[in-house]
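Data first, discussion second: the structure below is written as structure tokens.
Reckoned from all heavy atoms, side chains included, excluding hydrogens, waters and symmetry mates.
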There are 2 protein chains.
Amino acid sequence: MLLSAPAAYFYSMKFFSLSLILLCCSLSTTHAQDSATFRRISDQILLKGECYEDLRVLSKNIGHRLSGSESAAKAVTWAAETLKKAGADTVWLQPVEVPHWVRGKESLKINWTGNQNFEAIPMLSLGNTVGTDGRDLEAEIITVNNFDEFHKLPREKVAGKIVFFNYHFPQELVNTFEGYGVAGPYRWLSPTYASSKGAVAVIIRSISTGEDDVPHTGSLRYADTVKPIPAVAIGNHSANRLAAQTAKGTVRARLNSNCKMLDPVMSYNVIGEIRGNTKPEEIVLVGAHLDSWDVGDGAHDDGAGCVQAIEVIRTIKTLNLNPSRTVRAVLFMNEENGLKGGLAYNDSALANNENHILALESDAGGFSPRGIGLEMSKDKQEQIRRYRHLFLPYGVYDFEQEHGGADISPLKRRGVPVSGLIPDPQRYFDLHHTPADVFEAVNHRELKVGAVVMTQFIYLIAQTGLN
Amino acid sequence: MLLSAPAAYFYSMKFFSLSLILLCCSLSTTHAQDSATFRRISDQILLKGECYEDLRVLSKNIGHRLSGSESAAKAVTWAAETLKKAGADTVWLQPVEVPHWVRGKESLKINWTGNQNFEAIPMLSLGNTVGTDGRDLEAEIITVNNFDEFHKLPREKVAGKIVFFNYHFPQELVNTFEGYGVAGPYRWLSPTYASSKGAVAVIIRSISTGEDDVPHTGSLRYADTVKPIPAVAIGNHSANRLAAQTAKGTVRARLNSNCKMLDPVMSYNVIGEIRGNTKPEEIVLVGAHLDSWDVGDGAHDDGAGCVQAIEVIRTIKTLNLNPSRTVRAVLFMNEENGLKGGLAYNDSALANNENHILALESDAGGFSPRGIGLEMSKDKQEQIRRYRHLFLPYGVYDFEQEHGGADISPLKRRGVPVSGLIPDPQRYFDLHHTPADVFEAVNHRELKVGAVVMTQFIYLIAQTGLN
């Protein structure tokens, strides 16, 4: 784009439509002050924010950090130190026993041609899956396009086979999280379904929007009633090829993997807070998860949320905002393959009779923010929506989705109002749970604008409360 | 992000807030039908759109395509063929004489230490600048942080020197296009200012949001009253270093460049249209520019807009939408360093007494769409805003900015209502006019959702008109 004339230099920013202004005019007494504070927060983070540099350190010096790993332990130490430096009054570690799943060497080789030539293709075992103990598991592949097709198959067509679940991510859904909702069960449930009819292993088309061959890992859970069988994901290009080839004739595969579940390990949620000025017993929580899958950097998922939560603390402290209520950042452990951190936090909150007036999680990637999800009573939703005009200049317009976060779902089940940052969803499921989720895929400004909006929202709730 | 339980699979999408529904209820008779057509357009492009593949061909098979270059000529041929294949009723080339500026070999070497050691740093000559005819131009560098500082300097402090304009892109502006508006004059005007006080060359800090050392080219224009002097851009890291070093003591530089303006070349705007069903004489224009700078792939700027405009034609044809008014895609030549295509198009439209009821340009990158700019009378703005609810499910909420496009600005000056697609602005000025503006920096879904919204908007106007 060229600026062809000085007249083109100034793009006017008239974000406030007449209808919204009319809707909100009853709030105008506090508007000017809130709006000025919102701007101070934005200037601070966009000009002097440190979240992007924090993410570089977490991604590049520590790297991916699956629960139970050495790097997860390093991440705990780093997070505690960083929260302290950011200015939290108190920082502590909350013990959490976490599962310790390890991948090890693995391969999936396909016999495309019917001769003895098996070709390795890009693959990742799904998280928590059993492996083949380092032995070749060889069998014929049968392809089904969805659960309906699978459920119609008699047991004898499935027994002894590797079932390929060739379900496509529904690309037509503009909100890719809806698509994830539809496709996600193919990761969670396929191994259980296949095992129940005697299959020896499962291959899934990755839960992926990518036009590429990148495999996506992610959790599965076996039903107690079935024998656990190995489950792996392949990228979209390989999936296309496999679907075409199995339609033509018999295709065999050799799977070899060493993944297994080891004994649980003691780990920690990392917590830092700024004590409220007038109502310290009321807690506003801002959270993210510190663990990641064991590929890539875990940069969008969820390093981004972690460094944004830390930035909330840093900004409130740096600007001396002195919140009325306590603002607490919680970096949860083990969101990806157990949710033990979220459960332990909730247990502790319950035991200590803590009063959480709201919890927000950022766990949908470090992309430009577009909305804030509100899972709470209609009254509380309406109370928050009265402030939506304040967020419009920051590109945040959508307060209609009911979206929180996995780590804070145990709080929600106890009646705590929960929220989720809603970033632009187009790129997330190209990267999610893959080797491509690296620091370089995060844009510094998108990450920071997200942190701006989180800080504004958390501070607003810390000042106004939620009745 | 993990989906921890089946209950989490479904993120509800209640985009229509009560207030907006109330505002729009008078339009509900046409809503259902419009909404269904919008959805058909979206499904078609998200599932079967070809714009991403088109962009791969334009970026990777043809590459960057500065006006007058051989690749620009190839792009013209490709665009005409692609528009024809996309289903345009008529495709034609509109002759445009364009400037032919060439870069050639170039280097900027800095003597950081005061000894005889000159170190080359990443740089790009600004577009249309004069060069040094392949000879070393060596001089001392003086740094100014802005025009105010420069204007206070007496001529004798400037004469014979290389002036380094160290103006920082204002990162605090959430809308980076506002920042570009503020910083842009440092690219346009610095060479003229510096020359007027006898400087021998200009270095500018790139007009860049990047936290990197990537130089950004882009146009300048010399005032007729000054002697043209060479002007180059350096990346932010080098600019930081240069500012620090010149604050400490004397720093000299050697500039060597071969860029020059050759004789003008005959080139073309590429135009394809679908003739209107009932009011063919009323034209709805969708445009972008086919030329690019001579670095990178010109993928966001503006390959993205070109393939989106072609997708508009393809989708209207494929879905048999039979627009009432004529829909015309125009791929303008020479937006970057002359705007000759936009001027020629306007001359032709005037000569042929054509009736353009609206022109939309996509030239702000292939990112997720967030709004549609409206540069037109208040009445027409309000007429379009009545349909805003239709765009909300596609993430487009902002109809408040007055934003069109450079190529359609000559039409605007004659009173034609103009519009501009407004994508998310956070990443654009990291990439704009750089070697990093490559195909790989464009996300397939973001590009397609942009094409969806353009098609919806163009088709809407083609059906409803604009009174």
Considering only heavy atoms, which portion of [X] lies under 4.5 Å from any heavy atom of chain A: side chain, backbone, both, or neither?
| X | answer |
| --- | --- |
| B/Tyr52 | side chain |
| B/Asp430 | side chain |
| B/Thr209 | both |

Closest non-hydrogen atom pair, A/Pro369 against A/Val453: CG-CG2, 3.8 Å
B/Arg187 versus B/Gly218, closest heavy-atom pair with distance: NE-C, 3.4 Å
Side chain to side chain donor-acceptor pair (under 3.5 Å) partners of B/Arg40, counting only residues at least two apart: none
Contacts of type salt bridge (Lys or Arg N to Asp or Glu O under 4.0 Å), residue A/Arg427, not counting sequence neighbours: A/Glu446, B/Glu446
Residue, of A/Glu211, A/Glu361, A/Arg445, A/Glu375, that accumulates the most heavy atom pairs under 4.5 Å with chain B: A/Arg445
Sidechain-backbone polar pair: A/Thr176 side chain, A/Pro425 backbone, donor-acceptor under 3.5 Å: yes
Residue A/Ile45 versus chain B: region with a heavy atom under 4.5 Å: neither
Max heavy-atom pair count under 4.5 Å with chain A, selected residue of B/Glu172, B/Arg370, B/Gln171: B/Arg370
